[in-house]
Amino acid sequence: MSDQPITETHIAIIGGGIIGLTLALALRQRNVEVLVVEADHIASGASGAAAGMLTPIFEMHHWPAKGRDRLKNFGQQSLDLWQGLAEKLSAETGFETGFERCGALGLACGVDLYGDFLENIIAKKWAKAFTTNLGLGQKQTHRQGALVAGEGQISPVQTCQALAVLLKKMGGALIQGMPVERIDFSENNSSPSTLYFLNRKIRAQKIILANGAGASRLWQEEFACPVFPVKGQALMLGLTAEQAKKMPVKLLRGPDCYICVKSDRELLIGATEHRGVDEKNIEEDDNRLLLERAEKLLPFVSRLPRLRAWAGIRPGIADHAPILDQSQRFAALYYAIGHYRNGVLLAPLSAQIMAEKIISNKAVPAPFRLSRFT
Ligand code: FAD
Ligand code: GLY
């Protein structure tokens, strides 16, 4: 053990997903020395599986009633932050992030409570009533929906790549293929803590846990980790440029399914939710379920060729709000975990809140505090 190579850094971030990378960049932009340690490769976790929707209003349908409006406001703030961040990433790295405020359209699928949800967001003036025939051909009937013009999407994998490139360009460090096995905290809060790998040690003044659904494996509090795995399976279908042009908007939202036109060749259907499931096997039953649900939104999906199916593990949390806070047990430890269905959306705001907490000890907004679990 004693001849293991040792790396020293000011801040070590565990996890190279969208949350760890966005935070690393935010810290680097504030001149902090930072190192991201990723077990596999960047975006190998939930971030690489995500659809990339930036749709706070439509996500409200999935959140518990308590705190829903505040989460929506945070989501909208973060969506606004994406605009500037995506522009910066493209300008500085030459990578396309796929960021666009293309609008999202919610459609009720028969008799269900989703119609009430859509009416409610129209009544609150968060969405506008919208009639569409969805480009279905002669047989179509017109359908009423709710359009949120300012919502949009991004390509999560390209964005993570751009974040990593810009981080390195600005002097930040990233190690991939290195699972952190344990963290040893010094009892004396002023001396560095140590991260242990199979054949390497890293000493850091501060450590941030941003390891998504793996959070419970490195959790350090004296109560159980509130983050649990939620498997999500999704499908990509092939689209012709002509079909893509007929779509009234690129994002369609239904009660239990969504459709995203990701390019003029690809249409994504997402996603299942299996609580407590921590494996990424592709289930044919889930593919069928996704297609059945998507057909209710857009009947011609059943005729599209299937390109691929994949699954990711969301870092679930009961109230759908992440933990963005300092540990109650070790002053050197911080958490940026539990982004559940909304890590892509919330990444820039989470990064800002965390950076301000770490550098200036600015208070974290109440919905994101660790103390809500104690
Ligand atoms: P992750 O992306 O999982 O990153 C954590 C990283 O930590 C991983 O790369 C992992 O390898 C690494 N790690 C774990 N343990 C260790 C260790 N011991 N040492 C070192 N590294 C470690 N969100 C949206 O906002 N919009 C969407 O449209 C959307 N769609 C989704 C669709 C699907 C199918 C799924 C599954 C999720 C979707 N999400 C969406 C949710 C979003 O993907 C997550 O909230 C987000 O990716 C969480 O990011 P993260 O960085 O916390 O976690
Ligand atoms: N936010 C979409 C999903 O998690 O599937």
Side-chain angles (χ1 to χ4, degrees), residues 12-24 35-56 58-59 61-63 75 78-79 82 104 151-157 159-160 163 174-183 195-198 202 207-219 227 229-236 251 253 256-258 260 262 268-274 277 280 286 290 309-317 320 322-324 335-351:
I13 298 179
I14 306 174
I18 194 108
I19 298 302
L21 292 169
T22 319
L23 174 55
L35 164 68
V36 177
V37 189
E38 164 54 44
D40 192 337
H41 59 84
I42 58 162
S44 57
S47 305
M53 294 176 299
L54 308 174
T55 51
F58 285 110
E59 281 295 317
H61 180 65
H62 300 271
W63 298 337
S78 200
L79 170 55
W82 262 124
E151 297 201 331
Q153 61 176 337
I154 200 159
S155 301
V157 175
T159 302
C160 284
L163 284 163
L174 166 67
I175 306 177
Q176 300 183 68
M178 282 278 198
V180 175
E181 304 212 314
R182 74 169 210 270
I183 313 171
L195 307 187
Y196 284 90
F197 306 85
L198 272 182
I202 291 178
I207 292 171
I208 302 163
L209 214 60
N211 60 338
S216 63
R217 290 191 274 276
L218 293 172
W219 181 251
V227 177
V230 183
K231 180 183 175 185
Q233 188 169 313
L235 264 178
M236 193 70 89
L251 300 179
R253 300 289 307 235
D256 48 15
C257 152
Y258 49 82
C260 316
K262 294 309 280 185
L268 183 155
I269 301 176
T272 58
E273 278 214 39
H274 297 291
V277 179
K280 297 198 261 186
D286 279 2
L290 285 170
W310 69 94
I313 313 298
R314 302 178 185 89
I317 196 160
H320 286 242
I323 300 171
L324 305 174
Y335 297 103
I337 51 174
H339 287 77
Y340 204 167
R341 294 177 54 97
N342 301 107
V344 181
L345 170 66
L346 291 176
L349 184 71
S350 293

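When a ligand or atom number is given, it counts from 1 through the structure's own listing order.
- For ligand 1 and V37, the ligand atoms under 4.0 Å from any heavy atom of the residue are 20 (C), 21 (N).
- Counting the atoms of ligand 1 from 1 in the order shown, those under 4.0 Å from a heavy atom of P179 are 19 (N).
- The shortest N or O to N or O distance between G52 and ligand 1 is under 3.5 Å.
- Ligand 1 places these atoms under 4.0 Å from at least one heavy atom of L218: 18 (N).
- Between I19 and ligand 1, at least one pair of N/O atoms sits closer than 3.5 Å.
- The closest approach between a heavy atom of Q233 and any atom of ligand 1 is not below 4.0 Å.
- Residue contacts with ligand 1 include A49, since one of its heavy atoms falls under 4.0 Å from the ligand.
- Every side-chain hydrogen bond (donor to acceptor under 3.5 Å, both in side chains) that H274 has, sequence neighbours left out, goes to D286.
- The shortest N/O to N/O separation between A51 and ligand 1 falls below 3.5 Å.
- Among the atoms of M53, some N or O lies under 3.5 angstrom from an N or O of ligand 1.
- Residue contacts with ligand 1: W310 is excluded, as none of its non-hydrogen atoms falls under 4.0 Å.
- Within ligand 1, counting atoms from 1 as listed, the ones closer than 4.0 Å to a heavy atom of L345 are 24 (C), 25 (O).
- With hydrogens and angles disregarded, a donor-acceptor distance shorter than 3.5 Å links the side chain of K262 to the backbone of A51.
- At under 3.5 Å, not a single nitrogen or oxygen of A50, backbone or side chain, sits near a nitrogen or oxygen of ligand 1.
- Near G45, the atoms of ligand 1 lying under 4.0 angstrom from a non-hydrogen atom of the residue are 2 (O), 3 (O), 9 (O).
- Between R341 and ligand 1, a contact under 3.5 Å exists for at least one N or O pair.
- Checked by distance only, ligand 1 and A213 stay at 3.5 Å or farther apart across all their nitrogen or oxygen atoms.
- Heavy-atom proximity to S44, at under 4.0 Å, picks out these atoms of ligand 1: 9 (O), 11 (O).
- Protein residues with a heavy atom under 4.0 Å from ligand 2 are M53, E59, Y258, A271, R314, R341.
- Taking only nitrogen or oxygen atoms, main chain and side chain alike, E38 reaches within less than 3.5 Å of ligand 1.
- For E273 and Y340, the side-chain atoms include at least one donor-acceptor pair closer than 3.5 Å.
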